[in-house]
Amino acid sequence: MRVGFLQTVPEFGEKERNLERVAELLEGVSADLLVLPELFSTGYLFTDSKELEALAEPFPGGPTSQFLAEIAARHDIALVAGVLEKEGSRYFNSAVAVEPGGSLEVYQKVHLFREEKRWFVPGTRFKIARLKDVAVGLMICFDWFFPESARVLSLMGAQILCHPSNLVLPHCQRAMVTRCLENRVFAITANRAGMELRGGNHMAFTGASQITSRAGEVLLQGPDEGEGLGVVDIDPQQALDKRLTPENDLFLDRNPECYKILTDVSHGRAVS
Ligand code: ACM
């Protein structure tokens with residue numbers, strides 16, 4: 001399976017231009033599955049709710065879903081992309097998964113970062129999408145900081161973690177090595193690059209999109225700055241084998257009886 005990332009530098013609020021640029025960058029692409037960054041068509045740093053109202057769309061049903069479906073059909077490619085979703089009167093930082101002729105799957109980001117908490121409602125469940133006959137686990141950016149995200153998706157059967165991102169903190173790329181190693185899954189982190197300076201807020205996004213193998217090897221890394229398209233061949237079937245040694249299967253060796261505190265809603269504060 002040929003999988004990859006498209007690292008972009010979106011311009012805030014310029015949805016049409018951002019979509020056009022993605023179409024240009026994908027001209028002639030040959031891949032089965034490609035991941036685009038978080039909020040790839042809108043940009044990240046919102047300053048008021050009017051901006052959300054102007055830029056958000058329902059998924060499916062809006063121009064960005066239509067764009068993704070057209071690109072998927074044109075290149076016979078499956079896509080995972082971060083989008084600004086409107087559902088009723090609520091906004092979500094979401095990832096959508098599409099493949100040619102398939103239905104659109106939506107994951108709403110569970111772990112919101114900083115000011116995202118002002119704008120978005122957190123999602124309530126992780127999601128697997130079946131793309132090109134492979135189980136793809138959807139997570140978005142800051143979800144990486146919570147090892148439960150990758151673990152839950154892997155236990156749900158994910159073979160590849162698709163991870164649209166707008167990273168600003170260091171260490172994610174190295175953390176994804178561990179996430180892949182401990183779950184024996186592949187990961188595609190599609191990060192954006194560039195800066196946004198809006199309403200007195202400033203964010204510098206770190207690029208270096210990454211494809212990581214189920215053995216924790218960095219198979220490909222994008223540039224720290226600017227756009228980049230990276231594609232590698234992987235065998236996602238390998239992710240179904242959780243054996244580390246002949247005696248150790250990483251999933252069968254788990255001991256959930258010892259992990260109950262993970263689902264304690266007091267967040268582990270009341271440990272005795
Ligand atoms: C992030 O979750 N966009 C840092």
Side-chain angles (χ1 to χ4, degrees), residues 3-29 31 33-47 51 55 64 67-68 71 75 77 79-84 93-96 109 111-116 119-120 138-145 160-177 179-180 186-212 218-232:
V3 302
F5 57 76
L6 180 65
Q7 176 171 314
T8 58
V9 185
E11 275 182 63
F12 185 88
E14 299 296 335
K15 203 194 274 189
E16 260 180 52
R17 203 177 308 164
N18 293 331
L19 296 182
E20 269 169 32
R21 185 64 189 144
V22 166
E24 278 169 18
L25 289 168
L26 292 186
E27 253 169 51
V29 72
L33 167 67
L34 212 63
V35 185
L36 274 63
E38 179 181 15
L39 295 168
F40 86 98
S41 59
T42 59
Y44 183 81
L45 262 184
F46 301 96
T47 59
E51 290 176 344
L55 293 167
T64 303
F67 169 83
L68 291 169
I71 292 282
H75 299 290
I77 195 172
L79 296 167
V80 172
V83 295
L84 172 57
N93 181 342
S94 297
V96 293
K109 187 178 186 179
H111 301 103
L112 299 178
F113 183 68
R114 296 196 61 171
E115 292 208 353
E116 290 174 31
W119 314 122
F120 302 125
L138 305 177
M139 55 187 272
I140 302 177
C141 205
F142 191 50
D143 284 329
W144 74 269
F145 226 108
I160 306 173
L161 303 175
C162 289
H163 184 206
S165 294
N166 276 190
L167 293 164
V168 291
L169 300 178
H171 309 308
C172 172
Q173 286 84 346
R174 277 183 287 144
M176 291 311 287
V177 167
R179 300 286 174 271
C180 289
F186 294 89
I188 307 166
T189 297
N191 195 17
R192 65 161 287 178
M195 289 199 223
E196 284 186 16
L197 179 55
R198 310 200 68 251
N201 248 335
H202 171 259
M203 278 197 166
F205 302 96
T206 58
S209 297
Q210 181 172 292
I211 304 177
T212 314
V218 175
L219 299 177
L220 200 61
Q221 192 148 60
D224 292 341
E225 288 171 22
E227 298 167 334
L229 172 65
V231 177
V232 291

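Owing to the predicted nature of the structure, the values given are computational and were not obtained by experimental measurement.
For the pair R192 and P10, the minimum side-chain heavy-atom distance is below 4.5 Å. With a 4.5 Å cut-off on side-chain heavy atoms, R21 and T8 do not count as touching. Contact annotation: the side chain of M195 approaches that of H202 to within less than 4.5 Å [non-hydrogen atoms, C-beta and beyond]. Proximity of V22 to L25: side-chain heavy atoms (C-beta onward) are nowhere separated by under 4.5 Å. Between L79 and V96 there is no side-chain heavy-atom pair separated by less than 4.5 Å. Side-chain atoms of I188 and L161, non-hydrogen and from C-beta on, never get closer than 4.5 Å to each other. Side-chain contact between F5 and L220: present, with at least one pair of heavy atoms (C-beta onward) separated by less than 4.5 Å.
A donor atom on one side chain and an acceptor atom on the other are not found under 3.5 Å apart for E227 and Q7. Side-chain N/O atoms of N191 and T206 include a donor and acceptor closer than 3.5 Å.
Evaluation of the ring-ring contact (aromatic ring centres under 6.0 Å, His included) rule for F12 yields F46 as partners, not counting sequence neighbours. For Q173, the side-chain hydrogen bond (donor to acceptor under 3.5 Å, both in side chains) criterion is met by no residue, not counting sequence neighbours. When the ring-ring contact (aromatic ring centres under 6.0 Å, His included) test is applied to H111, the partners found at least two apart in sequence or on another chain are F146. Scored by the ring-ring contact (aromatic ring centres under 6.0 Å, His included) test, F113 finds F142 as partners (sequence neighbours excluded). Residues passing the ring-ring contact (aromatic ring centres under 6.0 Å, His included) test with F205, sequence neighbours excluded: Y44.
The CG atom of L68 sits 7.0 Å away from the CG atom of L36 when rounded to the nearest 0.5 Å. Taking CG from L84 and CD from E38, the interatomic distance works out to 10.5 Å, rounded to the nearest 0.5 Å. A distance of 11.0 Å separates SG in C141 from CG in L112, rounded to the nearest 0.5 Å. In this structure, CD1 in I160 is found 12.0 Å from OG1 in T212, a value given to the nearest 0.5 Å. Between atom CD1 of residue I71 and atom CD of residue E27 there is a gap of 9.0 Å, rounded to the nearest 0.5 Å. In this structure, CG on L45 lies 7.0 Å from CZ on R198, to the nearest 0.5 angstrom.
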For H171 and W144, run side-chain contact (heavy atoms from CB on, under 4.5 Å): C-alpha distance rounded to whole Å, both residues' side-chain angles, the deciding distance at 0.1 Å, then the answer. CA-CA 10 Å; H171 309 308; W144 74 269; 4.1 Å; yes
Check the pair Q210, M176 against side-chain contact (heavy atoms from CB on, under 4.5 Å), reporting the backbone distance first and the verdict last. CA-CA 9 Å; Q210 181 172 292; M176 291 311 287; 4.2 Å; yes
What verdict does the side-chain contact (heavy atoms from CB on, under 4.5 Å) test give for M203 and L197, after you've listed the backbone C-alpha separation in whole Å, the side-chain angles of each residue and the deciding distance to 0.1 Å? CA-CA 7 Å; M203 278 197 166; L197 179 55; over 6 Å; no
Stepwise side-chain contact (heavy atoms from CB on, under 4.5 Å) test for L33 and C162: CA-CA 10 Å; L33 167 67; C162 289; 4.0 Å; yes
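For the pairing with T42, the side-chain contact (heavy atoms from CB on, under 4.5 Å) check across V83, L55, N18 returns one residue only, L55. Applying the side-chain contact (heavy atoms from CB on, under 4.5 Å) test between L6 and each of L229, V29, V35 identifies L229 as the sole match.
Distance alone, capped at 3.5 Å, is enough to place a donor-acceptor pair between the S165 side chain and the H163 backbone.
Contact between L138 and A95 at its shortest, heavy atoms only, is CD1-O, 4.3 Å. Nearest heavy atom pair, residue L19 against residue S41, reads CD2-CB, 3.7 Å. The minimum heavy-atom distance linking A193 with D224 is given by the pair CB-O, 4.2 Å. Closest approach of I211 and G230 over heavy atoms only: CD1-O, 4.0 Å.
By the neighbour-count criterion of 12 heavy atoms within 6.0 Å, atom CD of E225 is sparsely surrounded, having that number or fewer from other residues, nucleotides or ligands.
Applying the salt bridge (Lys or Arg N to Asp or Glu O under 4.0 Å) definition to pairs two or more places apart or across chains, those involving residues 4-16 are E11-R17, E14-R17, K15-E57.
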